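Because the structure is a prediction, the values reported are computed rather than measured. The analysis underlying the following values was restricted to heavy atoms, covering all of them including side chains, and did not include hydrogens, waters or symmetry mates.
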Amino acid sequence: MKIARRLLVGATAVSLGILGMSAVPSQGAEIPKAGVHSVASVQGPTGKWKVRTTFFAKDGSDVPLRQGTGTWGYKHIQEDHPQPDSSLYGWIDETLDNGVPKPDHHDPSKRVVRWRLAKGVMFRVVFSEKVYSDSHDGRPRGIITAFKE
C-alpha cells in the first residue's frame, strides 16, 4: 500500500509540474498596502506568553499552556512539579476532557479541574480564563499549574 501511495504522490507531482501549476501568486494578486500586515508576517507571543500547546476544557474553553514564569505556566510546573512532557500533556488533556471545571474559591478568574487518573492518582489543573493585553494574542492566560495530588 505504501508503494502505491508513493507512486500516486509522485505521479501527481510530475503531472502538476508538467501542467505548469506552481505556488507563484497570480498576476492579479494584491500587493499589501503600507502599514497592513499579512497573516504570515504577524508574529505570535514570545517569552512568557509563548504558547507551548493548546488544550480545551470539557465545555470548550480555550486553555493554552504558555511558557510562563516561576509562578505560572510550563516553567512553574516543571520547576515545582517536574514531569516528562508526554506524561504531563496526557494527564492535563485527560483531566480537562473528563473533569468538571469549578471556580477557584480564592480567585474567581481561575478554574480548578480534578480527575482521578488510571493509576488512581488525583490530578489537578488550575487555569485562568482572564485575557491579558500583554500577551498580544487575545487568548486567556491559560494553565497556571498542573500536578498530581
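Contact detail for Thr95 and Arg114: the closest heavy-atom pair is CG2-C, 4.1 Å. For Val63 against Ala57, the heavy-atom pair with the smallest separation is CG2-N, 3.9 Å. The minimum heavy-atom distance between Pro101 and Val113, with the atom names listed, is CA-CG2, 3.6 Å.
Looking at heavy atoms from C-beta onward, Pro108 lies out of side-chain contact with Pro103 at the 4.5 angstrom threshold. Looking only at side-chain heavy atoms (C-beta outward), Pro64 and Pro140 come within less than 4.5 Å of each other. Leu96 places a side-chain heavy atom less than 4.5 Å from the side chain of Val125. Side-chain atoms of Tyr89 and Leu65, non-hydrogen and from C-beta on, do get closer than 4.5 Å to each other. Between Val100 and Arg111, the closest side-chain pair of non-hydrogen atoms is not below 4.5 Å. Two residues are said to be in side-chain contact when any heavy atoms from C-beta on lie closer than 4.5 Å; Ile77 and Leu88 meet this criterion.
Salt bridge Asp137/Arg66: present, at least one basic N to carboxylate O contact under 4.0 Å.
With Glu149 contributing its side chain and Val121 its backbone, the two residues share no donor-acceptor pair below 3.5 Å. Checking side-chain atoms of Asn98 against main-chain N and O of Glu94 turns up a donor-acceptor pair under 3.5 Å.
Within the 6.0 Å centre-distance limit, the rings of Phe123 and Trp91 are counted as a close aromatic pair.
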Quick one, Ser61 with Glu129, criterion side chain to side chain donor-acceptor pair (under 3.5 Å). Give me CA distance, side-chain angles, the key distance, then yes/no.
CA-CA 8 Å; Ser61 300; Glu129 295 183 300; 3.2 Å; yes
Can you list the steps and then say if Thr145 with His76 is a side chain to side chain donor-acceptor pair (under 3.5 Å)?
CA-CA 7 Å; Thr145 191; His76 162 72; 3.1 Å; yes
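In this structure, CD1 in Ile144 is found 5.0 Å from NZ in Lys110, a value given to the nearest 0.5 Å. Between Lys75 atom NZ and Asp80 atom CG the span is 11.5 Å, to the nearest 0.5 Å.
For Arg141, there are no salt bridge (charged side-chain N to carboxylate O under 4.0 Å, His left out) partners two or more places apart in sequence or in a different chain.
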Identify each donor-acceptor pair in which a side-chain atom of residues 49-56 lies under 3.5 Å from a protein atom, sequence neighbours left out, and give them as a table.
| unit_1 | atom_1 | unit_2 | atom_2 | d |
| --- | --- | --- | --- | --- |
| Arg52 | NH1 | Gln67 | OE1 | 2.9 |
| Thr54 | OG1 | Arg139 | NH2 | 2.9 |

